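Note that the coordinates shown come from a computational prediction; the quantities given were computed from them, not determined experimentally. One-based numbering, in listed order, for ligands and for the atoms of each.
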Amino acid sequence: MEEWNKQILFIGGKGGVGKSTSATAIAWKQAMLGKKTLLVSTDPAHNLGDLFDSPIDRKGTRISPSLTVLEIDPQFETETYISEVKENMKHIIHSGWLDEVNRLLDTARVSPGADEAAMFNKVIDIVVEERKQYDAIIFDTAPTGHTIRLLSLPELMGVWVESMLQKRKKTNEHYSKLLHDGERVDDPIYQVLKKRQEKFAHARTILLDNDQTGFIFVLNPERLPILETKKAINLLDNYQLFVKSLIINKVLPNDASGEYIEMRRKHERFYLQQIRELFPRKHLCEVPLFSKDISFISDLEIFSSYLEGEAKQ
Ligand SMILES: Nc1ncnc2c1ncn2[C@@H]1O[C@H](COP(=O)(O)OP(=O)(O)O)[C@@H](O)[C@H]1O
Ligand SMILES: [Mg+2]
């Protein structure tokens, strides 16, 4: 799968279809090829630790010399983010206001959306900063809806920061006129916002660059995952984020037989055909349903051989 060679890869799809398994198989393979690889889970229901049979740290756990695994902890990221903002504010806000502002920030910590914003912040940091230390970064993302929100946030945040900047500029010009005889003064809040805007813009450039970033969706040959994938891909298209490859996971193996299996296979053929019709220009890759859960490295290696096209069913 050509998409593999992208430095940044997002794996999306409905819950249970095999995102974590696919992301892990890809990351494992990349690491085996000697690439310095980071596997990141943004799904609050983390399970990468189980796959590697090792607890995973929120700051990253080294699984092998070239593979680091990270499970983003939204609560920890929120704390870190709020502390950063507080630190910033200390230099900006008049000391008399500081207590009040800190109280407000403490409320923001538990407000709806705080986790998502913190998660988003961490993803952006990885895309912009940590990227420099890795040859390959694979994001195992939360079920579809969240992923799309996450990926479309740079755009929304970009618009938000832009309007804040405009307001800030006007306020500053206004004050300059009143207080400094029209002389422009440096506005520290403007500077902080400007820096954030630049970071988002940078992240967007990377995410929109087909040479650097790839998006893969995992689905099963079943009605709901197909419908959901179609919806998600259309939405992402609107943001110029183009999904080029689909992993069709848990396809009945050719050598499975029996009356019951044949009945299922008939249904499956219908859905496989539907997938081909609905996604005519996507690269499709089929992975068979294994006879058991994928819980060992040896299973991951077999799984990845299907993704590479080495094994075919
Ligand atoms: N091809 C497959 N054959 C058999 N079991 C699979 C296959 N792919 C995934 N699984 C199993 O299905 C379950 C869900 O997979 P997982 O990767 O955790 O899904 P997601 O991350 O999309 O929620 C896991 O128990 C996993 O071992
Ligand atoms: Mg998962």
Examine [X] against ligand 1 and note whether any of their N/O atoms are separated by less than 3.5 Å.
X	result
G18	yes
S22	no
V287	no

Any salt bridge linking K250 with E268? Criterion: basic side-chain nitrogen under 4.0 Å from a carboxylate oxygen.
no

With the threshold set at 4.0 Å, does a side-chain nitrogen-carboxylate oxygen contact exist between R265 and E262?
yes

Quick check: does S20 put an N/O/S atom under 2.8 Å from the Mg ion (ligand 2)?
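For S20, the answer is yes, given that an N, O or S atom comes within less than 2.8 Å of the Mg ion (ligand 2).
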
Does G13 have a heavy atom less than 4.0 Å from any atom of ligand 1?
no

Do any heavy atoms of S291 fall under 4.0 Å from ligand 1?
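Under 4.0 Å: no for S291.
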
Quick check on contacts: which atoms of ligand 1 are under 4.0 angstrom from a heavy atom of [X]?
X	result
K292	4 (C), 5 (N)
N249	1 (N), 2 (C), 7 (C), 8 (N), 9 (C)
I294	1 (N), 2 (C), 3 (N), 6 (C), 7 (C), 8 (N), 27 (O)
T21	9 (C), 15 (O), 16 (P), 17 (O), 26 (C)
K14	22 (O)

Applying side-chain contact (heavy atoms from CB on, under 4.5 Å) between F139 and each of I11, L9, V123, report the one that passes.
V123

Within the 3.5 Å criterion, strictly below it, is a donor on E79 or Q75 matched to an acceptor on the partner's side chain?
no

Protein residue, atom and distance nearest to atom 12 (O) of ligand 1, heavy-atom basis
K250 NZ, 3.1 Å

From the candidates D293, D43, D299, the one that places a heavy atom nearest atom 11 (C) of ligand 1:
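Among D293, D43, D299, the closest heavy atom to atom 11 (C) of ligand 1 belongs to D293.
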
Winner among G16, S295, A23, P225 once heavy atoms are compared against atom 23 (O) of ligand 1
G16

